[in-house]
Every structure is written in C-alpha cells, then in structure tokens.
Amino acid sequence: MKESDIKEVLSEIEQHNESWFQDIYERNKDNLDAPSLWYRGTNISYQEMLKEANRYAKSLRKLGIKQGDEVSACLSNTPELIYLLLAISMLGAKINLFGSQFDQDYIKKIIDDCSSKVFFATDCQYEDIKNITLESSIEKIVLVSLTSSLKDGIDPYDEVDKIFCEFRNKIPEFQCENDKIIDVKEFAAFGDDMEDIVPANTNLDDEFTITYSSGSTHSTRPKAIVHRIRSFVTMARIHDSDVSGLPAMKNIRGLAHIPAHSNTDLITSISDVLSQHGTVALEPIYDQNFFLTSLMINKPNFVPATTSFWLNAAKKIRFDESYRNLQLPFLIIPTAVGEPVAPNEEKFINKALKTTKAGKDLFHLPYTPVCLSIGGGDCEHGGLFFTLYKALQEKRLSCWLRKKSFGLKPFALAEYAILDQNGKRCGVNELGRLVANSNCTMKGYKNNPEATRQFFIYDNTGKRWGDCQVYGYIDQFGSIHIKGRIGNEFISSNGEKIPLFLISDEILKDTKHILSCELVMVKDDKNDDKIVVHIEFQPGVKINVTNVLMGAEKRCKNVFSDEVLNCLYYRIRGMKESFPLSGCGKRSQPLLKAEGYDGDFMVKPSIETGQLLTANQYKKENSKVYCYKR
C-alpha cells in the first residue's frame, strides 16, 4: 500500500474506541457458526466462545472485578484462557499472565500486586505454585483442568499426550487442600443469575495485558510488558488482506502452543487468527520433543514456533525412524519467531519440510512452495511487526542478482531506523542499532521505570524510538537485516567493542558442515575472558572435526586480531544434545553462559601444528599469553 493509504488506515484505527472483545465480535458477527477454537478434537464455534466469555464476565463482575482491575493468571493454552481474555476485555479490566517456572519470590510479588479477589491457574501449572497461593491473600482460586473442555473429560490422544503431560482432572485433589479453590465450571455458573454484561466503555490506550519477555536476560525474572488495547486492534487491522496484501486467513487453523505469558502467543497465535475468521488450535503441551506430535494432533495450517523448535523437528523428520514417513500436507505457513535463523539452518529446515509434502493440501505443484517464513519483532513491539515469506526460488534469484540474502520486509505499520552510537541514522548497509515504532509498541515495563526509560531512546533529532536491542542494517531495497543482540560483545584491551555475531558470521560461512553456532563470553579459572563458540554440525554430513574447526579458525584469523583469536575456544554439541532453551523455547544465553568454561572439554585448533587440542593442552603447549583481561 501507499504511505498515504497506510496513514488513512492508522487514522481509521484511532476512531476505534472499543474493547478487544468488541473488535472480535464485530469481525465475526456474521461468522458465528464457524469454528473459533479446536481443542483435542473438540470444535467450539464463535457463538459458543462468545457466550462462554459472557458467562465468565458475569462471574467476574459478581466477584467484584471492575474496570481497571488487574487479574493474575497462570494458564496453559486451553479454551478457558480465551474465555477469560474475552471476559476481562468485556469488563475493561486487565490480565497479568505469568509462568509457573518463574522465580518463586517473583511470582509472589506478581500475585500480591494484582487483585486479591480471584486468581486463575491450570491444574498442571498450579502444582508448582500452590504454596505461594496458600500464603497469599487471594479470596478465590479458579482452577482449570486440561480436561475441562473435553467431551466427558476424556483425552482422545491420551496415548501420546501422557508421555509429556497427564490429562486428568486434578482439581478435586487440590480442593481437599484449600477451600478457596473452585472448579472453572463452577466459576462459569456462578454468575448465571446476573444480567448479560454490556462491554465497558474503553479506549485504545487502556491497559489490557501484562505478559513477560522471553527470559533472554534473566530466565526466572523476565520483565513484565504492558500492552494496551491498541496493540491487538492495530495488528488485526494491519493483517487484513486489503492492508497487508496477504491472503485472507478465513478457515485457516493456527496453532497456539507458545506459553500464554508471551505476547506473541496472545497476539499472533490467538488474536490475529480470531480476527481473521480463523480457528485457533490450542496446545497446552510446550516441549520441543512434542512439537511434531502436536502438529499431527492439531493439523494447523499456520504455525508460529521458535527456530529451535523447527530445527529439532527437522532433525526428527530427517533422522528419526519413527518420523520417516511423516506427512504434513496441511502445513501452509510454518513461521520462525523469537530468534534469528541462520541461512544454514533455514536450508536444513526447508529440506526437511519438503520431504513431508508440506502445503500439498493447498498447492499441487512439483515443488513444495511452502518454505520457512521468518518473523521479526519482539514482544515489546507487539509481536510480528515485520515478516517475509521466503521462497527457495527467491533465494536462488537473490544469489544471482544481488549476491546477498533477502532481509525482513517490514509491515507498513512499522516505522523503523538504524541508528549509530550518536543517534544519527545510518546509511545503506551500514551497521547500527535497530529501533522501531508502531501502534503496537508496548506502554512500558510494569513496576520498572528504569528499564522503560532505557527501552525508549531518542535519535539526534529528538525523535523517540523503541529500542530493539539488536544490531542491524537496511539494504538498498529497504529490507532489514537483523544481526545480533547488543550487549553481546568482546571488549579488547584497547576498549574496542567487537560484536560476537561478526565472529559467528565467519564461522557459519561453512554451510556444508556447520548447522548452528552460538557465542557467549565466559571467564576461565583465572578470571580471564574466553569466547566460547558452541557449534552444532550439519546432521548426516561426514565431518572431519579438525579440518572444519581449522577452517573456522583461519577465517576468523583473516578478519580479527590475535587478541580475539586467542580467546576463541570451541564446544562441540552433538545432534542429540540440544541447545538449552528459555521458557519461551529460545536458546538461552544465560544457560549457555552457566555451562561455563571447561579446559578439558573446550577445544582449540592450532593453526601452527594443524592439530585439535583441548583448551588445557593448548595453554600448556603455548608459552605466550593468549588471553587478555578487560
């Protein structure tokens, strides 16, 4: 669309001062018989979903929840999550969704900071936090069983589900321990004697959700992100076909499996799909080893998942005998979110998807047209504010015409820039800090004014931006190339900052042998800096480890100083040894750092001798000092 057309759309959105509930209703009032939710074989229509949401809203009102109140919840992806979100929206209240794996003291603070009238949890998550709730001032605890929305309470996929999670009603057991607990069905019926709720008068800037960052900086105390109604309404409108130019999603089934405390789940997997007349397939089990099973159970057309989940799935498709004949013809839009995808990884995932005949139900062509879609953005900016559907033919054309890869193409609602260290806009292909603004950008971090102040930065003209906290550049075609996290640098003895992704780029040039690499800064036993390169080789490829690592070392030697090179050590990760993940399924930098430095386990190629040595052997055989303190 033209810039003037986008401005008109954004101006139109400003006139929309209704709740998220009202937006979903207005978009689907002629679509009420269509399936809105799919849960373990149970179809729930839009009519049923909205009716149940109204029951929840009446019960909340009867318990004393009013406009502006904040309700805490620890919920899995079940239909009850959607009913509660809609009900909270009807009342003009807001919801704080956290994860049971958070630090116990942090959870206590979250609960204590919200309304004490009622708290919601899924029984499988409640097990981990029940002691906290017993010590709190909560008046009513509403528990949802994973079986609450199942016909006769029976899981039709029990044989495969039970390996990862038990689908049985545990609520009666918990009720014996705590008389504050009520079953969600009892809660829904509690307000049946009340009049139907008239949606509250709200405006776009009213707070609606508090979700949490992915834990990249602190895995057990992620920052609380406050989003307004406008984040949900704007993204819904921008994804309409007349604005985005993308095909309509009517009758498309999307998978909601990312934890509910992530804004990506709420906006991308749930709100977007419902706003486009689609069906949300709800998956309460979040485990990379269950991912392929979940695809077979839910048969989704649109799947947002982290790169780590897709890579693990691709390995199983290629090398696990039990998945050798797996077919995914329904899978039209597999989307990687939350973390970057190296070209080596993208190629490997696409190759695996092709063997499953992904997309064949829709596209009857000799080539699989469905390739991995790359999603950009972060929870602070409201989810996926830029994306590009990459195709194998596009990449081949790119290599021929441009001699470089495609970047991410921003959605029209996103205003973005690359800034240098002085806040001045960078030129074409010039590396700097990626910043962005949109109607979907968060209001701020809850109870963390300092972090909010650091997130919103100003350029040299005084313009305010949301900091994406990553390096990037914009090419001559206006596409964004995201490179690596800011703050993840090696600092040389003369104070020069060298972003670790520059080293990673050199290592990943060996696309034939190397699949992935992650770099972290750690300290050795003498408190000297080490750069540990965690490498995963291409599965199924014959590897001479010494030659591959020697090649990586030589490429780095051609680019970086001896000081950098001498701090570089390698840790080889086996195909069955996954990278440690955060709660949101992304590779966890804190956990990689926690693995630390092991002189007997890290290896170092010696260019002089052509040998591969352990870190301890390398130190013994070299008299010169190879590492420098900052």
Side-chain angles (χ1 to χ4, degrees), residues 39-40 56 59-60 63 65 70-85 87-88 95-150 153 155 158 161-162 164-190 209-212 215 220-222 224 256-262 265-266 282-287 290 583-584:
Y39 183 63
R40 289 298 187 275
Y56 276 45
S59 295
L60 286 170
L63 286 172
I65 298 299
E70 185 175 331
V71 177
S72 59
C74 184
L75 292 166
S76 307
N77 282 300
T78 66
E80 291 74 21
L81 166 67
I82 316 298
Y83 304 151
L84 181 60
L85 285 169
I88 291 283
I95 187 165
N96 191 319
L97 284 159
F98 65 87
S100 61
Q101 75 274 24
F102 291 4
D103 182 88
Q104 298 283 296
D105 290 338
Y106 192 45
I107 291 174
K108 184 179 186 306
K109 187 177 184 304
I110 292 170
I111 292 174
D112 289 345
D113 203 36
C114 295
S115 171
S116 63
K117 293 183 175 68
V118 63
F119 166 69
F120 292 80
T122 315
D123 56 1
C124 58
Q125 299 212 49
Y126 182 72
E127 285 181 300
D128 298 328
I129 60 172
K130 64 180 182 179
N131 291 336
I132 302 171
T133 63
L134 287 170
E135 297 169 2
S136 72
S137 59
I138 298 170
E139 296 172 20
K140 289 288 182 186
I141 300 171
V142 179
L143 289 192
V144 178
S145 168
L146 295 185
T147 65
S148 293
S149 287
L150 296 179
D155 174 19
D158 180 63
D161 283 343
K162 68 182 180 183
F164 292 86
C165 187
E166 191 177 18
F167 277 64
R168 69 177 179 85
N169 188 357
K170 304 173 187 176
I171 298 174
E173 299 169 22
F174 293 127
Q175 286 178 315
C176 292
E177 302 172 357
N178 190 341
D179 59 7
K180 293 180 181 179
I181 293 175
I182 61 173
D183 187 297
V184 70
K185 293 181 179 179
E186 182 185 346
F187 163 77
F190 180 65
T209 62
I210 296 91
T211 52
Y212 291 82
T220 60
R221 286 179 176 261
H257 74 126
I258 297 170
H261 63 262
S262 168
D265 189 56
L266 299 192
L282 292 152
E283 176 55 75
I285 302 175
Y286 193 63
D287 187 303
F290 185 75
C584 281

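All residue numbers refer to positions in the sequence shown, counting from 1.
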With [X] via side-chain contact (heavy atoms from CB on, under 4.5 Å) - residues at least two apart:
X: Phe190; result: Ser59, Lys62, Leu63
X: Ala87; result: Tyr56, Ala57, Leu60
X: Ser149; result: Tyr39, Pro79, Glu80

[X] side chain to [Y] main-chain N or O, any donor-acceptor pair under 3.5 Å?
X: Tyr286; Y: Cys584; result: yes
X: Ser115; Y: Lys117; result: yes
X: Lys130; Y: Phe174; result: no

Locate the shortest heavy-atom distance separating [X] from [Y]; write the atom from each residue and the value.
X: Pro284; Y: Leu146; result: CB-CD2, 3.8 Å
X: Asn77; Y: Leu282; result: O-CB, 3.5 Å
X: Ile182; Y: Gln175; result: CA-NE2, 3.8 Å
X: Ile107; Y: Gly99; result: CD1-O, 3.7 Å

Quick one: are [X] and [Y] in side-chain contact, heavy atoms under 4.5 Å?
X: Ile129; Y: Phe119; value: yes
X: Ile210; Y: Ile110; value: no
X: Leu81; Y: Leu97; value: yes
X: Ile181; Y: Tyr126; value: yes
X: Phe187; Y: Val144; value: no

[X]: what forms a salt bridge (Lys or Arg N to Asp or Glu O under 4.0 Å) with it, not counting sequence neighbours?
X: Asp128; value: none
X: Asp158; value: none
X: Lys170; value: Glu127

How many angstroms lie between atom [atom1] of [X] and atom [atom2] of [Y], to the nearest 0.5 angstrom?
X: His257; Y: Ile285; atom1: NE2; atom2: CD1; answer: 12.5 Å
X: Leu85; Y: Ile95; atom1: CG; atom2: CD1; answer: 5.0 Å
X: Ile171; Y: Lys185; atom1: CD1; atom2: NZ; answer: 8.5 Å
X: Thr133; Y: Glu177; atom1: OG1; atom2: CD; answer: 9.5 Å
X: Phe120; Y: Ile88; atom1: CZ; atom2: CD1; answer: 6.5 Å
X: Asp155; Y: Thr147; atom1: CG; atom2: OG1; answer: 9.0 Å

- Task: With sequence neighbours left out, write down each residue that passes ring-ring contact (aromatic ring centres under 6.0 Å, His included) with Phe290, or none if nothing qualifies.
- Result: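 Here the qualifying residues are Phe164.
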
What residues form a side-chain hydrogen bond (donor to acceptor under 3.5 Å, both in side chains) with [X], not counting sequence neighbours?
X: Asn96; answer: Glu70, Tyr212
X: Asp161; answer: Arg40
X: Ser136; answer: none
X: Ser148; answer: none

- Task: Considering only NZ, NE, NH1 and NH2 on the basic side and carboxylate oxygens on the acidic side, decide whether Lys140 and Glu186 come within less than 4.0 Å.
- Result: no

- Message: Between Ser76 and Thr78, is there a side-chain donor-acceptor contact under 3.5 Å, judged purely by atom types and distance?
- Response: no

- Task: Start with the C-alpha distance between Asn169 and Asp183, add both sets of side-chain angles, then the distance that settles side chain to side chain contact (heavy atoms under 4.5 Å, CB included), and finish with yes or no.
- Result: CA-CA 10 Å; Asn169 188 357; Asp183 187 297; 4.0 Å; yes

- Item | Residue pairs, two or more places apart or on separate chains, that pass salt bridge (charged side-chain N to carboxylate O under 4.0 Å, His left out) and touch residues 97-111 |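 For residues 97-111: Asp103-Arg221, Lys108-Asp112.
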
- Query: Is the ring centre of His261 less than 6.0 Å from the ring centre of Phe98?
  - Reply: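 Distance test on ring centres: not under 6.0 Å, no.
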
